Every structure is written in structure tokens, then in C-alpha cells.
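What follows is a set of notes on a single structure, which appears directly below.
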Amino acid sequence: MKIASFNINGIKARIEALSDWLAGTDADPVVLQEIKSVDEGFPRGHFEDLGWNVETHGQKGFNGVAILSKLPLEDVMRGLPGDEADEQARYIEATVVGERAVRIAGLYLPNGNPAPGPKYDYKLAWMERLRARAAELLASEMPVVMLGDYNVIPEPRDAARPEKWVDDALFRPESRGALRAIRYQGWTDAIRIRDPWATRGPFTFWDYQAGAWSKDDGIRIDHLLLSPQAADLMVETGVDREARAGEKPSDHVPVWVRLAA
DNA sequence: ATGGTAGCGTAGCTA
């Protein structure tokens, strides 16, 4: 089972680039972030015709997450627990039934800028809720993969120019500390352990502005965290960097892990 | 130091 995450930055604008990428990969399931669409606006039929099961959790204009899966999905859960008043669509969970059942959590963590401020407070509160949910998922003792756009640069080597991010919500100590606290519950950072001593990258996001892609001025903010039961099944992981060079690309590229499941 | 781009939705917010 090859599990992938892709922040597509708008399903309407990205239907072609997404479909092209899907046609060239054996990823299944795929979690999407920033669909920027209500559930009724998502081109569900386009993907169903290609054999995908489609589960969305959208909202008008911003945010929104989804799961595409050719394998059967069970027990779909929408929204991150812990705040009934939170109306932002940033979290979806489901069980994917392959050779084994794997619980996947697709997430779009708040950006949090400008920091400090109310948006940063919301980010940190959201991360505390994610920490609580992550602990519950670990307690299930299932293979679990929590993946998506975390909007956190874990370490200086995860940015081409770390000095320009020091005051940014993606790199401030509280954001990094909150991600570290989750990781040290017992999660494995799949992309990082592929090349644990790397001094630079791999990057998953390049801003549209200021020629960031052509200068390789990227950051690593899309992550796959694996429970111990999932990490034991891991056989391969990667970043589909070439997706950033295509026609009308997203500012993120897909990240993925293959499990013997 | 500033401005640089993109998406949604059709102004201004979000990133």
C-alpha cells in the first residue's frame, strides 16, 4: 500500500495537474489538502470514473481536505476532535483496507502567520488537539499514518535559507516544539529517516513568489508520521519533486510512503 | 527593505 499526501492548492485550478500525477503513480490512498471547495463543488464524478472512492471535508473558499482511495475506506471521521466550535475543515481520518487495515489521518495544519497573534494562538491550540488525538491513535496499536501539510519546518536543515524563517509561524520554537512533542510520543518521520544525516532538505514546498523554485529556495513542511506498527511495515518513502516543474503546478509536491500492508 | 505570485471569487483574505 502506497500512501501519499498532496497539498493541491485548489481542486478547480489543479484538476489537470492532479490527474496527471495520479496517472503516473501507484499511490493509493491519497490525501489532499487545500481543496478550497465545499463538498458539493468537488469534482467527485471525475475521480469516481477513474475508480477512486472519494471522501471530502470541505468549506467555502479556503482549507478543505479529502481522501482518494481505490482500496475500500471504512469509519471515515471528519474534523479534529477537541473543539466543537472549530469550523475550519482541516482534518479527515479513515481506515484503508488492503492486505491489512491501516488508519490514515489527513491533515492541513494551520499556517499561523502572523506570529504572534490570534492565528498563531489557533495554530498552537490546534497542535495541542492533534497531540491528544495522536496519543489516542497510538493507543489503538493499529498501523497509523498521520500525513499532510503540517506547516512546520522541523529543523534548520529543512529550509534552504533558515535565517529568513526565524520569526515565521512555520519555524518559531513553539511550533517546532509542538511537532517534536508529537513525534516523541513514538512517531517516525518517514521522509527524514530515508536520509537521516542529510544536511539540506528534501524540500516539499517552494513559494510561487520571487523565483523560489528556480533558486531551490524550498522548505520541508509536508510530513508523514508513522506509528510503530506502521513503521515496522515501511519499505520505501519519497518526495515527488518533479511535480513542481510541471504545467500550472501546486506550490507543494506529493510525499509518500509504501507499506507492506 | 521591498515586492515578488497564486487561488477563490469577483474585494480582500489567505498563504
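Since the model is a prediction, treat every value here as computed from it, not as a measurement.
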Report all side-chain donor-acceptor pairs from residues 230-237 of chain A shorter than 3.5 Å, counting only partners two or more places apart or in another chain.
{"from": "A:E236", "atom 1": "OE1", "to": "A:R258", "atom 2": "NE", "distance (Å)": "2.9"}
{"from": "A:T237", "atom 1": "OG1", "to": "A:W256", "atom 2": "O", "distance (Å)": "2.8"}

Discussion item. Any side-chain to backbone donor/acceptor pair from A:T204 onto A:I221? Under 3.5 Å, distance only.
Written reply: yes
State whether a side-chain donor-acceptor pair under 3.5 Å links [X] with [Y].
X      : Y     : result
A:D86  : A:Y91 : no
A:H46  : A:S19 : yes
A:D240 : A:W21 : yes

Discussion item. Tell me whether the side-chain N/O atoms of A:K36 come closer than 4.0 Å to OP1 or OP2 in B:dA15.
Written reply: no
Worksheet entry | Proximity of A:Y108 and A:Y150 rings by center, below 6.0 Å | no
Can you tell me how far [atom2] of [N] sits from [atom1] of [X], to the nearest Å?
X      : N      : atom1 : atom2 : value
A:D251 : B:dA15 : CG    : P     : 12 Å
A:N113 : B:dA15 : CG    : C1'   : 9 Å
A:N7   : B:dA6  : CG    : C1'   : 12 Å
A:I35  : B:dG9  : CD1   : P     : 11 Å
A:W206 : B:dA6  : CH2   : P     : 16 Å
A:K164 : B:dT2  : NZ    : C1'   : 14 Å
A:F62  : B:dA6  : CZ    : P     : 18 Å
A:F205 : B:dA6  : CZ    : C1'   : 10 Å

Distance between the [atom1] atoms of [N] and [M], in whole angstroms?
N      : M     : atom1 : result
B:dT10 : B:dA6 : C1'   : 15 Å
B:dT14 : B:dG9 : C1'   : 13 Å
B:dA15 : B:dG3 : C1'   : 16 Å

Among [options], the nucleotide that comes nearest once only the side chain of [X] is considered:
X      : options              : answer
A:A210 : B:dA15, B:dG3, B:dG7 : B:dG3
A:K60  : B:dG9, B:dA15, B:dG4 : B:dG9
A:A13  : B:dG3, B:dC13, B:dC8 : B:dC8

Worksheet item: Want to settle it: does A:K12 or A:Q209 sit nearer the 5' end of DNA chain B, counting the closest nucleotide to each?
Response: A:Q209
Item to complete: By nearest nucleotide on DNA chain B, pick out whichever of A:Y208 and A:P110 is the more 5' one.
Response: A:Y208
Worksheet item: Can a salt bridge be assigned to the pair A:R200 and A:D216 using a cut-off of 4.0 Å between side-chain N and carboxylate O?
Response: yes
Discussion item. Let's see if you get this right: which residues in residues 165-172 of chain A place a heavy atom under 4.0 Å from DNA chain B?
Written reply: none
Discussion item. Does the Lys NZ or Arg CZ of A:R220 fall within the cation-pi geometry relative to A:F205 - under 6.0 Å from the ring centre and within 45° of the axis?
Written reply: no
Worksheet item: Base, sugar-phosphate, or nothing: which does A:Y108 touch, judged by heavy atoms less than 4.0 Å apart?
Response: sugar-phosphate
